[in-house]
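Written below as structure tokens is the structure these notes are about.
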Amino acid sequence: MLHNVRSGTRLVPWPATHALAGVGLMVLVAGCTPGGTSGLELLRRDAVGRMDITENPLTGTASFIRGRIPVAVMGPVGGAEMSLAQVFMNRYAGIFGIDMVQGNLQYFGEAIDSLGTRHVTLRQFHQAIEVYEAEMTVHSDREGTRVVAVTNSTIPDLQVDIARPRIDVMAATRVARRFMPGGEVVSSDLRVYPGRLRASSARLVWLVELRDDDAPARRAYAVSARDGEVVDVLDRLYVARNRRTHTANHEFGLPGTLRRSEGDGPVGDKDVDNVHDFAGETYDYFHDTHGRDSYDNLGAALSSTAHYRVNFQNAFWNGMQMVYGDGYAVKDVAAHEMTHAVTENAARLEYRWQSGALNESFSDIFAAMVDRDNWLIGEDLPNGPIRNMEDPTEFNHPGHTDDWRGMCGDNEGVHINSGIHNKAYVNVATAIGKDRAEQIFYRALTIYLKSQSTFEDARSAALQSAADLFGDGSADAQAVDKGFADVGVDGSFEPGPGGCGTDSSSDSSFESVMALLALVIGAVGLYTTIRRPMGA
């Protein structure tokens, strides 16, 4: 959405010169190897040179580890049964509060990227039920001799109140539809849900996703499988080559009437032609610059609709297509919305608090790379720009962690606090050039970040990406380090909790959402008909 949660982190360099207890990482080492050595002690002993650990204070465990750990010390690796990630966890599980004996981590898959580096992912289960957005990926060098990074969103010491559902999926869907009566079911899955604070005392829920394009709205409702209580609500309307471009004729129905397909010439409708052309330019950018084939990297068709509703001053990505009100089919808005689709198919950054601010920021970053003449977002909109990445304060957004906004509205400030990460990117791009900066941040988004990643995780991801691409200790890596440090993301940034319950994002009425967001082009849609500088 164009509108302009929290998770704190703490960076611990190894070798460290201070006591572990003083750093707060002793909570990570509850699990030990059969010989009695903690996972952290083993990791410290096995690593070659410096190691950085970013801690997520919501779980008290490591969310990002950077260093050099020889594979040879971990034991034999071979086949899906004993993947690199499983061998790593067999040795260091205590760091993450995971009991490997219970089989709580299952092999999910692996990939080798364009640099030849391997990424092996495990997903967390509890009593054979998948835990919501809980996984770990182990990243190794191209030779396969060293683990260079670990990204983690698993839940330590997980406990669940019941082992089997007491209400079925149909009942859960009826509960969700009370909040979105006109909603169409997108998916419904049984999950162990640790909640917004990623707590070990989790619940068994039906995760029911509904979409109502007339609102517009797209939300996932976590409905307790024990008593039907709505535990949480997750916004998934991200307000954003085989192109199919439609017009809604100022009505609600989507996708509307098809006006242009791939290969067709202009039809003489400025918004329809702009939507079509800018979707093509954004596709070409991701394909030519990053080797990505559409937002899902599988060649998905780019479906777009212009002329949505009357006086709809916004744009959004609804999980299937991009939608624009009159006059909102401009280049950087189109790129912003399509990047939400890229993020949803890559890092899946959850749309609230720090991860939500990163979600918004990455959409701004690649919008500015597609439309790279300046650092303004939305300068071609009817009422002018809505954000300035180079100077976020121009639109009353923070450009430094000192000015972080703790709030419940705007999904805990996703369009507001994105200015901090935006400014970090500008710092890096100014130092090393946009061509190198965009490669670093694209790799960080698509390789190293996960659904609840924090600003400190984003810093670690960018540092690792710079090392992968240009070398550890390179001028590029130093520019990343300084670029983040200059906005206060220096290894110790930890904003306080928002203190928001599900009410901060769960009001299902379109009017109340409008009042809450007040204006936006971001991951949840350029929602409002009240036009103000984004984030106001």
Side-chain angles (χ1 to χ4, degrees), residues 1-4 211 213 216-218 235-248 254-256 271-286 292 294-296 300-309 312-349 351 356 358-371 376-382 385-387 389 411 414-415 418 422 442 445 517 519-528 534:
M1 179 173 195
L2 273 180
H3 167 66
N4 193 53
R211 191 182 78 242
D213 291 327
R218 176 185 171 216
D235 239 328
R236 290 184 174 170
L237 183 75
Y238 302 112
V239 186
R241 111 187 145 141
N242 175 14
R243 290 168 290 172
R244 296 176 62 82
T245 306
H246 310 76
T247 178
L254 293 176
D271 274 12
V272 168
D273 289 334
N274 280 350
V275 164
H276 191 83
D277 293 343
F278 294 148
E281 287 190 37
T282 304
Y283 173 93
D284 290 346
Y285 166 78
F286 279 107
R292 190 177 190 88
S294 193
Y295 58 83
D296 63 351
L302 300 178
S303 179
S304 306
T305 298
H307 301 306
Y308 178 72
R309 301 178 56 178
F312 184 75
Q313 299 180 35
N314 214 328
F316 61 90
W317 163 257
N318 73 353
M320 299 180 64
Q321 68 165 107
M322 293 161 283
V323 184
Y324 303 85
D326 291 348
Y328 281 79
V330 301
K331 185 187 293 188
D332 55 3
V333 172
H336 179 105
E337 299 311 328
M338 185 166 161
T339 304
H340 280 306
V342 171
T343 297
E344 181 174 322
N345 283 270
R348 306 187 305 277
L349 290 164
Y351 200 59
L358 290 174
N359 193 319
E360 274 301 316
S361 177
F362 278 106
S363 277
D364 280 354
I365 286 169
F366 291 110
M369 294 301 91
V370 173
D371 187 13
L376 297 173
I377 302 297
E379 67 270 25
D380 295 324
L381 289 171
I386 54 178
R387 282 189 292 277
M389 296 177 63
N411 285 340
V414 298
H415 293 95
S418 60
N422 281 356
Y442 175 79
L445 173 65
L517 295 184
L519 99 171
V520 286
I521 295 180
V524 175
L526 264 167
Y527 245 51
T528 184
M534 206 152 100

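This structure is a prediction, so every number in the text was calculated from the model and none was measured.
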Do we see a donor-acceptor contact under 3.5 Å between the side chains of H340 and S363? yes

Between F312 and Y328, is the ring centroid distance below 6.0 Å? no

Could you check whether any side-chain heavy atom of D271 comes within less than 4.5 Å of a side-chain heavy atom of H307, counting everything from C-beta outward? yes

One should read off an interatomic distance between Q321 CD and T245 OG1, to the nearest 0.5 angstrom, of 10.0 Å

Distance (rounded to the nearest 0.5 Å) between L376 CG and L381 CG: 11.0 Å

Under the ring pair (Phe, Tyr, Trp, His ring centres under 6.0 Å) rule, collect the residues that match up with H246, sequence neighbours excluded. none

Could you go through the side-chain contact (heavy atoms from CB on, under 4.5 Å) check for Y308 and L254 one step at a time? CA-CA 9 Å; Y308 178 72; L254 293 176; 3.9 Å; yes

Heavy-atom nearest pair, I377 first then M389, reads CD1-SD, 4.0 Å

So, the side chain of D371 versus the backbone of A367: is there a donor-acceptor pair under 3.5 Å, distance only? no

A279 and L302 have their tightest heavy-atom pair at O-CD1, 3.7 Å

Once rounded to the nearest 0.5 Å, what's the spacing between atom CG of L349 and atom CG of L358? 6.0 Å

Between D332 (side chain) and G378 (backbone), is there a donor-acceptor pair under 3.5 Å? yes

Ring-plane angle category for F366 and Y442, please: parallel below 30°, perpendicular beyond 60°, tilted otherwise. perpendicular

In Å and rounded to the nearest 0.5 Å, what is the NE2 to CE distance from H336 to M322? 12.5 Å

State, yes or no, whether a side-chain contact exists between V414 and N359 at a heavy-atom distance under 4.5 Å. no

Pairwise distance CE(M369) to CZ(F286) - rounded to 0.5 angstrom: 11.0 Å

So which heavy atom on A300 is nearest to which on S294, and how close? O-OG, 2.7 Å

Just verifying a value: how many Å separate F278 CZ and K331 NZ, rounded to the nearest 0.5 Å? 6.0 Å

Strictly distance-based, threshold 3.5 Å: is any side-chain N or O of T305 a donor or acceptor partner for the main-chain N or O of V323? no

What pair of heavy atoms forms the shortest contact from D235 to Y351, and how long is it? O-CB, 3.7 Å

What are the two closest heavy atoms between Y324 and S304, and how far apart are they? CE1-CB, 4.4 Å

Atom of R218, atom of N318 and distance for their closest heavy-atom approach: CD-O, 2.9 Å

Report yes if some heavy atom in the side chain of N422 is under 4.5 Å from a heavy atom in the side chain of I365; otherwise report no. yes

